[in-house]
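Here is how names work: the chains are called A, B, and so on, in the same order as the sequence lines, proteins then strands, and each is numbered from 1.
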Amino acid sequence: MTLNTSRSTFQNKTPSSVSCEVCMNKTCLIKRNLQTLSNSKFVNQKRTLQIKKGQQFIIEGAPVNGLYFVKQGKVKVFRTGINGKEHIVRFANEGEIIGHRGFGTGDSYSIGAIALEHSVLCCFSKQMLQDVLLENPRFSYDMMLFYANELNKSEAKVKSLSQMMVRERVADMLLYINRKFGSTNGFINLPLSRKEYADYTGTSDEQIIRIFSALKKEKLIIARGKKIGILNIDALKKEISAHNFFLDS
DNA sequence: TCATTAATCGCAC
DNA sequence: GTGCGATTAATGA
């Protein structure tokens, strides 16, 4: 039985391909279920991609060819709206899944994805994944948890966009990014432009700059070039405490 | 170094 | 609060 007949890109494994057995990424859904998946040949049929910084690897509207797992690096997922304004749906860290919305009924991606830094992705074809989901309940359950979580976060984001002031959204975002990506030397480990901050919070870059400089004056954050650092996490939390929820992990 | 791009600020609406 | 445009800082060829 040949699963992939005419998918030329999937047929030759790239030399840089790393087997899941030796992968060090503990957060990866595949890696976590490797015991139950080991008898399946599917983990060997993945494709490993090297993505350069700023390179787009999922195009909006393009036909779905598979799901991507971030082995290494950071990625932004976005959706373009009216007159080319892009809205960043989420940021994906190592071990996360991208393109899962195009899975199932959809035949084309509803989102685009760009690497924020040099990244390594593992790509599984839609067909392979479907087969595995059907025969492996344990893995399917894990996937379902992931989907439920994504939906929850998505709903939380709707609330934040509709009910919070811009300043609160910025504070919320900074806390979220800080928790998710961590920081070194007091600066958040995510090289984002002001525009990208704006695209995530649903405002303009000017607005972000204004909020940032206000927060700088109040000694809540510091900014050096592109790098942003949080000085007072508790004060930022107080900003959004009226809504008593935080966009979690 | 110069050229291109991003960040910042002021101003009008 | 929002968006345009000029100025300045930062980055890349």
Peer 1: Please state how far atom CD in A:E196 lies from atom P in B:dT5, giving the value in whole angstrom units.
Peer 2: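 Rounded to the whole Å, the gap is 16 Å.
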Peer 1: Would you say the side chain of A:E206 and the base of C:dC4 hold a donor-acceptor pair, judged only by whether the two atoms sit under 3.5 Å apart?
Peer 2: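 Indeed there is one.
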Peer 1: C:dA9 C1' sits how many Å from A:I209 CD1, rounded?
Peer 2: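 To the nearest whole Å, that distance equals 12 Å.
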Peer 1: Kindly indicate, with the supporting measurements, whether the criterion salt bridge (Lys or Arg N to Asp or Glu O under 4.0 Å) is fulfilled by A:K74 and A:E196.
Peer 2: CA-CA 14 Å; A:K74 297 168 180 62; A:E196 283 165 327; over 6 Å; no
Peer 1: Under 3.5 Å, is there any donor-acceptor pair linking the side chain of A:R167 to the base of C:dG1?
Peer 2: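 Not at all, since no donor on one side and acceptor on the other fall under 3.5 Å apart.
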Peer 1: Output the rounded distance in Å from CD1 (A:I222) to C1' (B:dA7).
Peer 2: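 Taking CD1 of A:I222 and C1' of B:dA7, I get 17 Å after rounding.
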Peer 1: Between B:dC9, C:dG1, B:dT8, which nucleotide gets closest to the side-chain atoms of A:K216?
Peer 2: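 Given the options B:dC9, C:dG1, B:dT8, the side chain of A:K216 is closest to B:dT8.
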Peer 1: Of all the heavy-atom pairs spanning A:A113 and A:I98, show the shortest one and how long it is.
Peer 2: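 Shortest heavy-atom separation between A:A113 and A:I98 comes out as CB-CG2, 4.0 Å.
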Peer 1: Would you kindly compare A:K53 and A:T203 by the position of their nearest DNA chain C nucleotide and give the one closer to the 5′ end?
Peer 2: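 Closer to the 5' end of DNA chain C: A:T203.
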Peer 1: Within the side chain of A:R169, is there an N or O that forms a donor-acceptor pair under 3.5 Å with the backbone of A:T201?
Peer 2: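 Side chain of A:R169 to backbone of A:T201: a pair is present.
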Peer 1: Expressed in angstrom and rounded to an integer, what is the separation of A:K227 atom NZ from C:dT11 atom C1'?
Peer 2: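 For the pair A:K227 NZ and C:dT11 C1', the rounded distance is 14 Å.
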Peer 1: Main chain of A:M128, side chain of A:Q45: is a donor-acceptor contact present, judged purely on distance under 3.5 Å?
Peer 2: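 Looks like no, no N/O pair under 3.5 Å.
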Peer 1: What is the distance, rounded to the nearest whole Å, between atom CZ of A:R224 and atom P of C:dA9?
Peer 2: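 Distance, rounded to whole Å: 17 Å.
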Peer 1: To the nearest Å, give me how far apart NZ (A:K226) and P (C:dG12) are.
Peer 2: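 Atom NZ in A:K226 sits about 8 Å away from atom P in C:dG12.
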Peer 1: Could you tell me how far apart A:R194 (CZ) and C:dA10 (P) are, to the nearest whole angstrom?
Peer 2: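 From A:R194 CZ to C:dA10 P: 11 Å.
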Peer 1: Whole-Å distance between C:dG1 C1' and A:M165 CE?
Peer 2: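 For the pair A:M165 CE and C:dG1 C1', the rounded distance is 10 Å.
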